[in-house]
K.L.:
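Below is one structure. I have some questions about it.
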2 protein chains.
Amino acid sequence: MKRDSKLSGVLHVLLHMAEIDAPVTSETLARMMQTNPVVVRRVMAGLRAQGYVRSDKGHGGGWTLARDLESLTLLDIHRAIGAPPLFAIGHRNEAPGCAVEAAVNEALDSRLHQAEALLLSSFGEITLASLSRNFHRRLAERRAATTSGDHHGH
Amino acid sequence: MKRDSKLSGVLHVLLHMAEIDAPVTSETLARMMQTNPVVVRRVMAGLRAQGYVRSDKGHGGGWTLARDLESLTLLDIHRAIGAPPLFAIGHRNEAPGCAVEAAVNEALDSRLHQAEALLLSSFGEITLASLSRNFHRRLAERRAATTSGDHHGH
DNA sequence: TCTTTCGTAACATTTGAAGTTACATGAAAC
DNA sequence: GTTTCATGTAACTTCAAATGTTACGAAAGA
C-alpha cells in the first residue's frame with residue numbers, strides 16, 4: 001500500500017510560494033515537488049476552489065497565495081485536497097450479514113474514528129505560518145553552522 | 001489508495017474458529033473471508049509463528065486456535081500479520097535536503113506518530129474475547145428479534 | 001498574432017496487493 | 001505402502017489505484 005503524499009507535497013509547495021511573492025508556474029512547482037505540471041494543477045485546483053490560492057493565465061501568470069498563512073491550518077489543506085482517507089486499514093464489506101463481521105467492524109471502526117478525530121483536530125491546530133517559522137528557524141541554524149565551519153564565527 | 005483489510009479478515013476468521021472447536025481447513029476459512037486458500041495460509045503463517053494458532057496436515061488437519069481469546073488483543077494480531085502501516089498518508093523523501101521539506105515532515109510525522117501510538121494502545125486493550133462476547137450478544141439479539149417476529153414471544 | 005500559462009480530458013505507466021497455479025511435504029485412512 | 005487430504009511456499013498473473021503523460025483548448029499579455 002503506497003502512501004499518499006499529496007498533503008506533504010502541497011504544504012511544501014505553499015511554503016515555497018510564501019517565500020517567492022510572485023506568481024509561480026506549475027512548471028516550477030512541479031520541479032519542486034519532483035512531479036509533473038499537470039499533477040500540480042490537479043491538486044492545486046482544490047486549493048483554488050477554497051480560495052486559498054489564485055491562478056492566472058498567460059505571461060507572468062502562475063499560482064499565488066490568496067490567504068495569510070496564519071489563517072490556514074493543515075486541516076484546511078487536507079480538506080481542500082479532497083480529505084483523502086487517513087488510514088491504510090479498514091474492513092472489507094460495508095453490509096455484513098455475518099454477526100462476526102459486524103462485531104469486528106464495530107470494534108475497529110470505533111477506534112479508527114476516535115484516532116481520526118484526534119489527528120484531524122491536531123491538524124486544525126497547526127497553521128502554515130507556524131510551519132513557515134519552523135522553516136526559517138532551520139534556515140538560520142543551517143546558516144549559523146555553515147558560518148562557524150567557515151571560521152567566520154565570533 | 002486501497003485499504004488493507006488483513007486485520008479485519010484475520011479477526012473474522014479467528015472468531016469463527018473459536019466457535020467451531022475443531023481444525024478448520026484453509027479452504028473453509030477462504031470461503032469465510034471470500035478469498036483464496038493460499039492467501040489464508042499466507043496470513044495465518046504470521047499467527048502461527050507467534051504461537052497463536054496451530055496448523056496440521058493431512059486428514060482431519062487444518063487450523064486450530066492455540067491460545068485463549070482472552071489472552072489475545074488486536075495489537076497482538078496486528079503485529080502478527082506484520083504490523084502493516086496504519087496510515088495512508090505520509091511524506092515523500094526521507095532525506096530532505098530542503099529545509100521546507102524538513103519542517104513539513106517534522107510537523108506531520110510528530111502528529112502521525114502520536115495518533116499511531118494512541119491507536120495501537122487502544123488496540124492493545126481490546127481482547128478477542130471481548131469481540132467474541134460482542135458477537136454472541138448480537139446473535140442473541142438477532143434471535144430475539146426473529147422469535148418475536150414469529151409470534152413466539154411472551 | 002504569437003507566446004505563455006492554466007484547464008482538463010484521455011490515455012499510459014507503475015506499483016503493490018491480491019489471487020492463482022504448481023508442486024513439494026507430511027499425516028492419516030485404507 | 002499407497003492413496004487421499006491437507007498445509008508450505010515459490011513463482012507467476014491479474015487487478016486496481018495512484019501517478020504520470022500527452023494533447024489540445026482557452027485566456028491573457030507581449
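This is a predicted model, so every value here is computed, not measured. Letters go in sequence order (proteins before strands), and every chain restarts at 1.
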K.L.:
Taking NZ, NE, NH1 and NH2 as the nitrogens, is one of them in A:Arg133 or A:Glu70 under 4.0 Å from a carboxylate oxygen of the other?
P.N.:
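Result for this pair is yes, salt bridge flagged.
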
K.L.:
Decide if atom CZ of A:Arg79 counts as having more than 12 heavy atoms of other residues, nucleotides or ligands within a radius under 6.0 Å.
P.N.:
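Counting other residues, nucleotides and ligands, CZ of A:Arg79 stays at 12 neighbours or fewer.
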
K.L.:
Shorter than 3.5 Å, N or O on both sides, protein versus nucleotides 20-24 of chain D: list them out with atom names.
P.N.:
unit_1: D:dG20; atom_1: OP2; unit_2: A:Thr35; atom_2: OG1; d: 2.8
unit_1: D:dG20; atom_1: N7; unit_2: A:Arg42; atom_2: NH2; d: 2.8
unit_1: D:dT21; atom_1: OP2; unit_2: A:Asn36; atom_2: ND2; d: 3.0
unit_1: D:dT21; atom_1: O4; unit_2: A:Arg42; atom_2: NH1; d: 3.2

K.L.:
Rounding to a whole Å, what distance do you find between A:Trp63:CH2 and C:dT4:P?
P.N.:
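Going from CH2 in A:Trp63 over to P in C:dT4 covers 20 Å.
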
K.L.:
Rounded to the nearest 0.5 Å, how far apart are CD of A:Glu125 and CG of A:Leu120?
P.N.:
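Answer rounded to 0.5 Å: 11.5 Å.
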
K.L.:
For A:Gly58 and B:Thr25, find the nucleotide of DNA chain D closest to each by heavy atoms; which residue's nucleotide sits nearer the 5' end?
P.N.:
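Mapping each residue to its closest nucleotide by heavy atoms, the 5'-most match is B:Thr25.
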
K.L.:
Rounded to the nearest Å, what distance is computed from the NZ atom of residue B:Lys6 to the C1' atom of nucleotide C:dG19?
P.N.:
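Going from B:Lys6 (NZ) to C:dG19 (C1'), I get 14 Å.
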
K.L.:
Whether B:Asp109 and B:Arg111 form a salt bridge (side-chain N of Lys/Arg under 4.0 Å from carboxylate O of Asp/Glu) is what I want to check.
P.N.:
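No, B:Arg111 and B:Asp109 are not salt-bridged.
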
K.L.:
Can you find a donor-acceptor N/O pair under 3.5 angstrom joining the side chain of B:His59 to the base of D:dT4?
P.N.:
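Yes, the side chain and the base share a sub-3.5 Å donor-acceptor pair.
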
K.L.:
Quickly work out the A:Glu27 CD to C:dC6 P distance and round it to whole Å.
P.N.:
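Between P of C:dC6 and CD of A:Glu27: 9 Å.
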
K.L.:
Between A:Ser26 and C:dC6, does any side-chain N or O lie under 4.0 Å from OP1 or OP2?
P.N.:
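For A:Ser26, the contact criterion (side-chain N or O under 4.0 Å from OP1 or OP2 of C:dC6) is met.
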
K.L.:
Using side-chain heavy atoms (C-beta onward) and a distance below 4.5 Å, is B:Leu128 in contact with B:Arg67?
P.N.:
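Heavy-atom side-chain distance check fails, nothing below 4.5 Å.
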
K.L.:
Run through B:Arg31, B:Glu27, B:Met32 and flag the one making a side chain to side chain contact (heavy atoms under 4.5 Å, CB included) with B:Leu29.
P.N.:
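Option passing the side chain to side chain contact (heavy atoms under 4.5 Å, CB included) with B:Leu29: B:Met32.
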
